[in-house]
Amino acid sequence: MDSFHIPESIKENCKAGGRLLADTEAKNSSDNVNASPTSDVTCSRTRDFSCMYSKDLLPAVNGEDSTKGFFQELVNILLNYVSCSFRRSSKVLDFHHPHQLKEGLEGFSLELPDQPENLEQLLVDCRDTLKYGVKTGHPRFFNQLSTGLDVIGLAGEWLTSTANTNMFTYEVAPVFVLMEEVLLRKMQGIVGWEEGDGVFCPGGTISNLYSVLLARYYFFPEVNTKGMTDLPRLTLFTSAHSHYSVKKSATVLGIGSENVVVVKCDERGRMIPGELEKSIITAKNEGCVPIYVNATAGTTVFGAFDPIKVIADICESHGLWLHVDAAWGGGLLMSKKHRMKLQGIERAWSVTWNPHKMMGTPLQCSAILVKKKGLLQKCNQLCAEYLFQPDKHYDTSYDTGDKTIQCGRHVDVFKLWLMWKAKGLEGFGSQVNKCLENAEYLFTKIKQRPDFELVFNSKPEHSNVCFWYIPPSLRNMPSGPCRNRILHQVAPKIKAQMMENGMTMIGYQPLGDKVNFFRCVISNPATQTEDVDYLLEEIARIGQDICITTT
């Protein structure tokens with residue numbers, strides 16, 4: 001990747017315009033996102049972008065050459081950013097506070113002009129947008145569930161944006177519509193279904209929303225015409241550690257967040273089946289109508305897997321819709337070694353699966369899979385004839401727009417399809433295995449250190465590892481409210497200094513009776529054990545000297 005260079009032409013253009021990419025001469029270890037060696041670069045073109053504007057690009061007459069030159073310079077910026085993202089000597093982020101970015105930095109301004117600015121400024125703006133952002137593909141970015149920078153997936157995203165089409169009809173997206181069908185069928189087979197349906201959605205929250213929408217329609221189809229007024233008081237069930245989107249869905253759909261029963265979990269964050277059974281019976285005795293249970297495969301914080309098989313038995317005995325939120329854990333289905341953690345998922349009526357998490361597909365890429373074929377169409381169709389004419393000359397069953405709650409829909413399938421071509425099931429499986437091996441390595445290292453304390457002493461189920469850093473002043477202090485009050489301050493203070501330094505990132509949060517702890521998630525295939533070691537050393541280095549209020 002170090003072979004990506006900024007052409008001399010860009011630097012020469014600085015003389016005319018005054019600013020263009022002058023700082024790209026920085027060394028490899030520079031924090032600049034465009035850092036790369038330039039000593040062996042030969043000048044292939046000379047173009048003054050300070051005198052050119054968007055009107056000079058295609059579709060302008062004779063605009064092809066200018067467009068090609070502009071894109072070549074832009075691609076150089078992007079490729080150097082990609083290269084820098086994998087370089088451990090570069091920063092994960094060049095942190096600035098909101099007011100600093102809003103006020104403008106080194107010629108970078110968020111304000112919008114009345115008059116057009118030249119292409120040189122646009123290139124500077126592209127560079128600086130990347131410079132002041134977060135490199136989520138960096139091997140030492142542990143902050144989110146979705147990390148990494150897959151080059152094949154990135155290529156797919158570029159092609160998708162170039163095609164700039166819509167997924168609602170076959171006539172405008174013939175290849176992409178067929179790709180979605182192939183991908184959904186493949187994912188349904190991996191879940192364990194012989195047939196099914198589905199659609200790619202803008203994120204796991206919307207996928208979960210679909211599951212509640214479909215469950216309500218399945219039991220009460222009249223809701224589409226009569227609304228909620230003729231329905232009884234519906235009840236949904238989800239675990240205390242589940243994603244907030246289940247409550248959000250109840251709010252959006254008019255069911256109400258108070259009608260979402262939060263089921264108790266065990267100490268590891270897994271739903272307790274006995275508590276679910278009791279909650280269902282209680283709801284029925286109170287005159288409510290239970291319709292839906294959400295089981296989580298890979299909780300956001302602890303990475304826990306609810307016991308799907310037992311939950312499926314309970315849902316079957318009560319006639320309830322079983323949804324499995326495998327947004328985070330679905331990637332483990334690609335691994336022969338770890339897919340047993342989702343045992344029973346084939347009995348679900350619907351499944352959320354986000355390839356943009358553990359599988360590393362660029363954001364966004366989330367699917368709602370539905371076991372009952374045709375239900376999506378029945379639930380959502382309105383037969384708008386200006387889009388979904390029944391007398392088209394092709395098979396209109398491929399017009400997918402009428403089975404979604406959206407009209408326009410982004411093409412999220414191509415990048416995943418291309419990655420699947422490049423890796424195969426075997427490649428994705430190896431990728432998942434490596435991430436979980438790194439998580440187990442982190443778990444083992446923390447167990448061996450007196451300055452860290454695990455939230456759980458058992459091995460992680462997923463690639464989430466939760467822990468506290470214990471400063472020297474707390475290591476001999478007995479457990480209790482006083483220690484917890486002080487410990488609660490530690491993670492935020494370390495995180496703040498970590499972001500100022502910019503060399504790594506990790507998230508933290510409290511949960512229940514547990515004060516702020518670090519949550520490290522590993523889903524980036526570029527992460528190695530040396531990066532895990534670096535994270536621990538960086539936390540310890542900062543934590544050794546942090547100032548904590550003891551009163």
Side-chain angles (χ1 to χ4, degrees), residues 1 4 6 10 19-24 26-36 71 73-112 117 119-151 153-158 160-161 202-203 356-357 360-365 410 415 495-508 521 523-527 531 534-535 538:
M1 299 293 285
F4 298 137
I6 299 294
I10 294 185
R19 281 200 320 274
L20 182 61
L21 306 184
D23 55 356
T24 56
K27 296 180 182 179
N28 278 0
S29 60
S30 168
D31 297 335
N32 190 309
V33 299
N34 295 319
S36 64
F71 273 141
E73 306 299 5
L74 178 62
V75 167
N76 280 320
I77 292 173
L78 297 177
L79 292 180
N80 277 275
Y81 176 81
V82 171
S83 176
C84 195
S85 291
F86 290 110
R87 195 178 298 139
R88 287 170 174 82
S89 58
S90 69
K91 285 188 174 184
V92 174
L93 77 158
D94 182 3
F95 179 76
H96 290 80
H97 289 280
H99 71 88
Q100 294 173 307
L101 287 176
K102 289 172 74 173
E103 291 166 3
L105 293 165
E106 302 172 358
F108 177 62
S109 173
L110 296 172
E111 295 302 314
L112 296 172
E117 295 187 341
L119 296 184
E120 177 189 290
Q121 182 60 51
L122 299 189
L123 288 168
V124 170
D125 289 342
C126 288
R127 179 209 65 183
D128 287 349
T129 297
L130 294 173
K131 172 179 170 61
Y132 297 121
V134 178
K135 298 189 191 74
T136 59
H138 197 288
R140 293 174 181 171
F141 176 78
F142 303 98
N143 209 74
Q144 252 66 50
L145 302 182
S146 50
T147 65
L149 183 57
D150 189 277
V151 173
L154 181 59
E157 191 66 72
W158 288 352
T160 297
S161 295
H356 67 230
K357 290 192 171 120
T361 308
L363 283 163
Q364 60 194 16
C365 191
H410 186 260
K415 54 200 170 190
K495 173 71 178 281
Q497 185 59 54
M498 183 183 288
M499 289 186 68
E500 294 284 350
N501 297 344
M503 297 306 293
T504 187
M505 272 185 75
I506 182 176
Y508 73 86
V521 285
S523 59
N524 187 349
T527 298
D531 303 307
Y534 180 88
L535 173 69
E538 183 72 353

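Heavy atoms only: backbone and side chains are in, while hydrogens, waters and symmetry mates are out.
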Exercise for review: Apply side-chain contact (heavy atoms from CB on, under 4.5 Å) to K135 and L93, showing your working.
Suggested key: CA-CA 6 Å; K135 298 189 191 74; L93 77 158; over 6 Å; no
Review point. How long is the gap from CG on D531 to CD on E538, to the nearest 0.5 Å?
Key: 12.5 Å
Without placing hydrogens or testing angles, list every side-chain donor-acceptor pair under 3.5 Å for residues 501-508, not counting sequence neighbours.
| residue | atom | partner | partner atom | Å |
| --- | --- | --- | --- | --- |
| N501 | OD1 | Q497 | NE2 | 2.9 |
| N501 | ND2 | Q497 | O | 3.4 |
| T504 | OG1 | R140 | O | 2.7 |

**Study point:** Check: N76 main-chain N/O paired with N80 side-chain donor or acceptor under 3.5 Å
**Key:** yes
Review point. Taking H138 for the side chain and S90 for the main chain, is one N or O donor matched with an acceptor at less than 3.5 Å?
Key: yes
Review point. Can you name the side-chain contact (heavy atoms from CB on, under 4.5 Å) partners of L149, sequence neighbours left out?
Key: V82, S85, F86, L154
**Study point:** Test side-chain contact (heavy atoms from CB on, under 4.5 Å) applied to E106 and V124, step by step
**Key:** CA-CA 10 Å; E106 302 172 358; V124 170; over 6 Å; no
Exercise for review: Output the distance between atom CD (E103) and atom OG (S109), rounded to the nearest 0.5 Å.
Suggested key: 11.0 Å
Review point. For S523, what residues pass the side chain to side chain donor-acceptor pair (under 3.5 Å) criterion, not counting sequence neighbours?
Key: T147
Study note, to complete from the structure: Smallest heavy-atom separation, D125 atom then T129 atom, equals O-OG1, 2.7 Å
Check your understanding: What pairs with F108 under ring pair (Phe, Tyr, Trp, His ring centres under 6.0 Å), at least two apart in sequence or on another chain?
Key -> Y132
Point to revise | Qualifying residues under side chain to side chain donor-acceptor pair (under 3.5 Å), relative to E157, sequence neighbours excluded | key: K415
Check your understanding: Could you give the distance from CG (N524) to OG1 (T136), rounded to the nearest 0.5 Å?
Key -> 8.5 Å
Revision key, fill the gap. Heavy-atom closest pair (P139 atom, R88 atom, distance to 0.1 Å) is CB-NH2, 3.8 Å
Check your understanding: Between CG of L122 and CG of L74, what distance do you get to the nearest 0.5 Å?
Key -> 10.0 Å
Check your understanding: About how many Å separate NE2 of H96 and CD of E500, when rounded to the nearest 0.5 Å?
Key -> 9.5 Å
Check your understanding: Ignoring hydrogens and geometry, is there a side-chain-to-backbone donor-acceptor pair from H356 to L363 under 3.5 Å?
Key -> no
Check your understanding: Looking at CG of L110 and NZ of K102, how far apart are the two atoms once the value is rounded to the nearest 0.5 Å?
Key -> 9.0 Å
Review point. Under 4.5 Å between any side-chain heavy atoms of T527 and F141, yes or no?
Key: no
Exercise for review: Under the ring pair (Phe, Tyr, Trp, His ring centres under 6.0 Å) rule, collect the residues that match up with F95, sequence neighbours excluded.
Suggested key: H97
**Study point:** H410: side chain to side chain donor-acceptor pair (under 3.5 Å) partners, not counting sequence neighbours
**Key:** D412
Review point. Within the distance-only criterion (no hydrogens, no angle test), does the side chain of S83 pair as donor or acceptor with the backbone N or O of L79 below 3.5 angstrom?
Key: no
Check your understanding: Can you list the residues that meet the ring pair (Phe, Tyr, Trp, His ring centres under 6.0 Å) rule with H99, with sequence neighbours excluded?
Key -> none
**Study point:** Minimum-distance pair of heavy atoms, taken over all atoms of V521 and Q144
**Key:** CG2-O, 2.9 Å
Practice item. State which residues pass side chain to side chain donor-acceptor pair (under 3.5 Å) with D150; sequence neighbours excluded, sorted by chain then number. Key: K423
Point to revise | Working for side-chain contact (heavy atoms from CB on, under 4.5 Å), residues R127 and E73 | key: CA-CA 11 Å; R127 179 209 65 183; E73 306 299 5; over 6 Å; no
